[in-house]
Visitor: 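Take this structure, written in structure tokens, and hold onto it; I'll ask about it next.
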Amino acid sequence: MKLLITGGAGFIGSNYIRYALKEHSEDRIVNLDLLTYAGSLENVCEAAQNPRYSFVQGDIADRAFVFGLFERERFDAVVNFAAETSPLRPSSPYSSSKASADLFVLAYQRTFGLPVTVSRCSNNYGPRQFPEKLIPLRRRQTRP
Ligand SMILES: NC(=O)c1ccc[n+]([C@@H]2O[C@H](COP(=O)([O-])OP(=O)(O)OC[C@H]3O[C@@H](n4cnc5c(N)ncnc54)[C@H](O)[C@@H]3O)[C@@H](O)[C@H]2O)c1
């Protein structure tokens, strides 16, 4: 298979490339990465020695560039790891209220030195969750 790995110079992507080259001896990999603050070619220096690997610097948001790459390389599959931490851009009153709470806390940290941690994890799920959440329960559950 010929794979396009995007964001392969980052943490997860570079580990994936190392794994794919080792475990799938027929795969050829093109790593497309913009090399933002988080990307580094040092993360893929081992892969760079492998003739089944090549690197292209570019932006996945650059439509013409990506189309050209696809036409040239004819990939069988794409694995996307390209990502960047974005400024807060809430799109609903609910998410705005969450974002403003973060900003209140960060203002206290900046102005008064309050030790704080802001964690923006994805939704949690598991035992005792209410069924309306991200991954609903199979059977109907009522609140205790
Ligand atoms: N780190 C984790 O623990 C973890 C766990 C689960 C899922 N993820 C997800 O995996 C993905 C990668 O995470 P990571 O920790 O490897 O991030 P990272 O910041 O280490 O790597 C992101 C890579 O994407 C590249 N990139 C950013 N914008 C780009 C663009 N426009 N075009 C091309 N390349 C671009 C960067 O240069 C960098 O090499 C993210 O979607 C993240 O949410 C991460």
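In this chain, numbering begins with 1 at the start of the sequence shown. All values reported here derive from a predicted model rather than from experimental measurement. Just so you know, ligand 1 is whichever comes first in the structure, and atom 1 is the first atom listed for that ligand.
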Visitor: Are the side chain of R52 and the backbone of L21 linked by a donor-acceptor contact shorter than 3.5 Å?
Guide: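 Yes: the side chain of R52 pairs with the backbone of L21.
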Visitor: Under the ring-ring contact (aromatic ring centres under 6.0 Å, His included) test, which residues partner Y53, sequence neighbours left out?
Guide: none
Visitor: Looking at G58, is its backbone amide N or carbonyl O close enough to the side chain of D62 to form a donor-acceptor pair, meaning the two atoms are under 3.5 Å apart?
Guide: no
Visitor: Might you point out which heavy atoms bring L35 and A9 nearest each other, and give the distance in Å?
Guide: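 Distance-wise, the nearest heavy atoms are CD2-CB, 3.7 Å.
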Visitor: Can you produce the list of protein nitrogen or oxygen atoms under 3.5 Å from a nitrogen or oxygen of ligand 1, alongside each distance?
Guide:
unit_1: ligand 1; atom_1: 16 (O); unit_2: F11; atom_2: N; d: 3.3
unit_1: ligand 1; atom_1: 16 (O); unit_2: I12; atom_2: N; d: 2.7
unit_1: ligand 1; atom_1: 20 (O); unit_2: F11; atom_2: N; d: 2.9
unit_1: ligand 1; atom_1: 24 (O); unit_2: A83; atom_2: N; d: 3.4
unit_1: ligand 1; atom_1: 31 (N); unit_2: D59; atom_2: OD1; d: 2.8
unit_1: ligand 1; atom_1: 32 (N); unit_2: I60; atom_2: N; d: 3.0
unit_1: ligand 1; atom_1: 34 (N); unit_2: L34; atom_2: N; d: 3.1
unit_1: ligand 1; atom_1: 37 (O); unit_2: D33; atom_2: OD1; d: 2.5
unit_1: ligand 1; atom_1: 37 (O); unit_2: L35; atom_2: N; d: 3.4
unit_1: ligand 1; atom_1: 37 (O); unit_2: T36; atom_2: N; d: 3.0
unit_1: ligand 1; atom_1: 37 (O); unit_2: T36; atom_2: OG1; d: 3.1
unit_1: ligand 1; atom_1: 39 (O); unit_2: G10; atom_2: N; d: 3.1
unit_1: ligand 1; atom_1: 39 (O); unit_2: D33; atom_2: OD1; d: 3.3
unit_1: ligand 1; atom_1: 39 (O); unit_2: D33; atom_2: OD2; d: 2.6

Visitor: Using the salt bridge (Lys or Arg N to Asp or Glu O under 4.0 Å) criterion, which residues pair with K2? Sequence neighbours excluded.
Guide: E73
Visitor: Provide the full list of salt bridge (Lys or Arg N to Asp or Glu O under 4.0 Å) pairs with a residue in residues 107-116, sequence neighbours left out, each pair given once.
Guide: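 Residue pairs with at least one partner in residues 107-116: there are none.
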